[in-house]
J.: 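First, the structure itself, so that you have it in front of you.
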Amino acid sequence: MQFSYTKYEKLKSRKLIKQLFEDGKAISVFPLRLIYLKKEHASNYNVQASVSVSKRNFKLAVSRNRIKRLMREVYRLNKPFLYENLENKYIFMFIYLGKKEIKFQKLDTKMKEIIKLFLKKIS
RNA sequence: CAUAAAAGUCGCCUUAUCGCUAUCCAUAACCAAUGGAUGGAGGAAAGUCCGGACACCAUAGAGAAUUGUAGCGGUUAACAGCCGUCAUCACACUUUAGUGUGAGAGGACAAGUGCAACAGAAAGCAAGUACAGGUAAUGCUGUAGUGAAAACAGGUAAACUCUACGAGGUGCAAUGUUACGUAUAUUGGAGUGUCUGCAUUAGCAGAUAAAGAGUACUCGCUCAAGUCUUCAAGGGGUGAACAGCUAAAGUUAGUUAGUAAUAGCUAAUUCAGAUAAAUGAUAAGGAUUUUCUACUUUUUGUAGAGAAUACAAAAUCCGGCUUAUAGACUUUUUUUAAAU
RNA sequence: CGGGGUGUAGCGUAGCCCGGUUAUCGCGCCACGUUUGGGACGUGGAGGCCGCAGGUUCGAAUCCUGCCACCCCGA
């Protein structure tokens with residue numbers, strides 16, 4: 001299923017995440033920031049991705065969960081476009097930089113932009 | 001009918017498409033993948049302020065220290081919670097003794113220590129103002145004045161303290177299992193004890209680790225109790241997976257006992273288990289509230305457009321407490337208006 | 001999951017343990033003096049519900065209880 005986002009394509013290993021933050025490269029389209037690293041990993045999927053929202057910017061667990069769910073949803077819907085143009089294996093971390101909550105449509109367009117920017121960078 | 005207060009209950013719904021997570025079933029086949037079925041946040045899940053269950057630590061034992069509670073009775077697994085009730089205090093009413101409403105951290109100052117600004121003669125090893133009375137004489141007696149409190153067994157313990165009762169510590173990142181094996185590992189050295197052999201004043205070699213004494217070590221301290229001790233080298237598994245983990249002081253309904261908290265009985269029922277952390281996203285329609293415009297004689301109502309639908313996310317599990325909360329509903333009481 | 005600390009004037013602080021005058025000090029601010037003017041200096045002054053709400057007490061920044069905000073630590 002091409003729109004899926006199961007637990008096997010989530011980035012979970014602490015080691016990988018540590019390495020990602022140390023060696024990874026970053027691009028950003030406000031309010032999103034993408035940190036990526038070309039890396040062989042055990043998953044069957046080409047990309048292991050994860051999302052993050054700062055506790056400093058959003059104090060309530062409810063609003064943090066809301067934004068993380070929106071980010072996962074947007075990533076999930078735009079995944080086919082990403083996979084069409086991808087050959088190697090990568091690990092991703094999306095970080096939300098904004099301090100206010102965001103509408104779905106706006107986040108959707110931002111996600112499309114940042115994926116285009118990413119594909120342009122690696123090609 | 002409206003209004004306010006108190007107590008309690010509920011706290012958005014439906015459909016479609018695309019997804020997430022757990023369990024089960026199917027595809028020969030563990031994992032993966034695909035398909036199907038079923039379940040999937042709260043009244044506070046929050047704050048982490050109390051109390052337990054459960055687990056380990058050193059048997060969980062005594063004492064000091066520390067700390068908590070504090071009328072009486074009940075309730076409970078337990079509590080600083082809850083229920084009932086009394087002293088006391090505040091307000092209202094009648095009236096000088098009651099009634100109603102609300103509050104109610106309330107043991108001891110008749111053991112010791114401390115503290116008391118200003119005022120006042122005096123605020124505690126004492127001393128003694130004014131007026132009156134009284135005496136042989138004297139603060140000997142009464143009243144006044146100051147003050148929150150004035151010679152009275154003075155006041156003050158949400159001052160130290162004392163009394164009674166209670167509390168061992170650490171927390172599910174507890175704890176256990178899996179991996180070739182292990183963390184008190186393994187290797188080397190030193191000390192102590194025991195055993196064996198050689199030797200027989202001494203000592204040497206090998207093996208081994210708790211039966212006695214001593215030393216040393218072990219809870220924050222002391223005792224009791226327990227354990228061979230110590231130095232150096234050595235750094236992987238891993239902050240992996242699985243168990244613990246959700247059937248319980250359960251939930252719902254009825255009924256009996258009790259003023260009540262609560263307890264008993266009967267029937268039905270199985271109801272989240274994630275881990276960079278699932279329970280969602282989008283679209284359409286509906287419901288409730290509300291703003292504007294138009295229609296309507298007014299109230300009411302109708303139509304159209306717009307806005308809002310709170311507080312807030314399980315993380316080992318329960319019982320409370322506290323705090324946040326759009327809107328809707330129920331009951332009781334107060335006040336106002338109308339009718340009889 | 002558990003533990004600790006701090007909120008006092010615009011800023012930085014003392015006082016809190018052990019309750020009692022008008023709440024301390026420095027910088028900053030205002031006025032006046034000095035100077036041709038400014039700075040520096042001198043003199044005087046203003047500015048505080050002591051984080052919020054209850055309670056104990058005659059009296060609370062201080063004691064007790066409950067909240068709020070910020071900071072730090074451990075596994």
Side-chain angles (χ1 to χ4, degrees):
Chain A
M1 184 52 74
Q2 55 181 355
F3 290 117
S4 71
Y5 182 65
T6 64
K7 65 177 178 181
Y8 301 101
E9 52 185 316
K10 277 184 193 168
L11 180 58
K12 288 179 168 182
S13 162
R14 278 180 174 267
K15 276 186 161 179
L16 281 178
I17 292 170
K18 198 176 175 186
Q19 193 183 359
L20 174 61
F21 276 111
E22 282 174 359
D23 305 332
K25 295 174 183 173
I27 53 174
S28 53
V29 174
F30 189 83
L32 287 175
R33 172 183 282 264
L34 169 61
I35 300 175
Y36 64 93
L37 185 66
K38 187 175 173 183
K39 176 78 181 173
E40 283 297 320
H41 50 75
S43 175
N44 291 341
Y45 296 87
N46 279 352
V47 176
Q48 278 197 325
S50 180
V51 300
S52 175
V53 180
S54 169
K55 198 169 187 176
R56 193 167 291 273
N57 293 340
F58 293 93
K59 205 170 173 315
L60 292 181
V62 171
S63 45
R64 282 202 300 277
N65 279 348
R66 162 87 184 166
I67 289 174
K68 280 153 83 174
R69 280 166 178 162
L70 280 173
M71 283 166 80
R72 276 191 225 114
E73 188 72 10
V74 160
Y75 169 74
R76 181 174 73 77
L77 293 174
N78 288 300
K79 215 177 71 174
F81 175 72
L82 177 66
Y83 272 46
E84 281 173 17
N85 301 293
L86 205 61
E87 292 173 356
N88 297 309
K89 286 197 170 186
Y90 281 87
I91 51 179
F92 279 9
M93 173 69 80
F94 291 96
I95 297 174
Y96 189 78
L97 299 172
K99 294 186 179 177
K100 291 177 182 174
E101 295 199 27
I102 193 168
K103 288 271 172 58
F104 174 80
Q105 273 82 3
K106 195 173 180 186
L107 194 63
D108 192 43
T109 56
K110 294 291 181 187
M111 179 60 79
K112 285 190 168 73
E113 284 179 33
I114 202 164
I115 288 175
K116 277 180 194 165
L117 189 64
F118 166 71
L119 292 174
K120 195 177 169 189
K121 281 259 181 185
I122 60 166
S123 60

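Please read these numbers as outputs of a predicted model, since none were measured by experiment. Within every chain, numbering begins at 1; the chains are lettered A, B, ... in the order of the sequence lines, protein sequences first and strands thereafter.
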J.: Which nucleotide sits closest to the side chain of Phe104(A): G19(B), U282(B), A313(B)?
T.: U282(B)
J.: Give the nucleotide from the list A313(B), C20(B), C18(B) with an atom nearest to the side chain of Arg76(A).
T.: C18(B)
J.: Keeping Tyr5(A) on the side-chain end and Ala49(A) on the backbone end, is there a donor-acceptor pair under 3.5 Å?
T.: yes
J.: Could you tell me whether Arg72(A) contacts a base, only the sugar-phosphate backbone, or nothing, with contacts defined as non-hydrogen atoms closer than 4.0 Å?
T.: sugar-phosphate
J.: What's the gap between A153(B) and G169(B) when it is taken at their P atoms, as a whole Å value?
T.: 47 Å
J.: Report the distance from atom CE of Met71(A) to atom P of A276(B), rounded to the nearest whole Å.
T.: 16 Å
J.: Work out how far the P atom of U56(C) is from that of A70(B), and round it to whole angstrom.
T.: 16 Å
J.: Using heavy-atom distances to pick each residue's nearest nucleotide on RNA chain B, tell me which of Ala61(A) and Tyr5(A) is more 5'.
T.: Tyr5(A)
J.: Expressed as a whole number of Å, how far does the C1' atom of U289(B) sit from that of A267(B)?
T.: 43 Å
J.: Expressed in angstrom and rounded to an integer, what is the separation of Met111(A) atom CE from U282(B) atom C1'?
T.: 16 Å
J.: Who does A287(B) pair with, Watson-Crick or G-U, both distances under 3.5 Å?
T.: U309(B)
J.: May I ask you to say what Ser50(A) touches in the nucleic acid, namely base, sugar-phosphate or nothing, with a heavy-atom cut-off under 4.0 Å?
T.: sugar-phosphate
J.: Give the minimum heavy-atom separation between Asn78(A) and Ile115(A), together with the two atoms involved.
T.: CB-CD1, 3.9 Å
J.: Does Arg69(A) put a side-chain nitrogen or oxygen below 4.0 Å from OP1 or OP2 of A313(B)?
T.: no
J.: If we call it a pair only when both distances are under 3.5 Å in a Watson-Crick or G-U wobble match, what pairs with G206(B)?
T.: C195(B)
J.: In whole angstrom, what separates Asn65(A)'s CG from U275(B)'s C1'?
T.: 13 Å
J.: In whole angstroms, how far is the P atom of A276(B) from the CZ atom of Phe92(A)?
T.: 20 Å
J.: May I ask you to verify if any side-chain N or O of Arg66(A) is less than 4.0 angstrom from the OP1 or OP2 atom of U279(B)?
T.: no
J.: With RNA chain B as reference, determine whether Glu73(A) or Leu77(A) sits nearer its 5' end, using the nearest nucleotide of each.
T.: Leu77(A)
J.: Rounded to the nearest 0.5 Å, how far does OG1 of Thr109(A) lie from CE of Met111(A)?
T.: 10.5 Å
J.: I'd like to know if the side chain of Lys79(A) reaches the main chain of Ser4(A), judged simply by a donor and an acceptor atom lying under 3.5 Å from each other, with no hydrogens or angles considered.
T.: yes
J.: It should be established whether Lys68(A) places a side-chain nitrogen or oxygen under 4.0 Å from OP1 or OP2 of nucleotide A277(B).
T.: yes
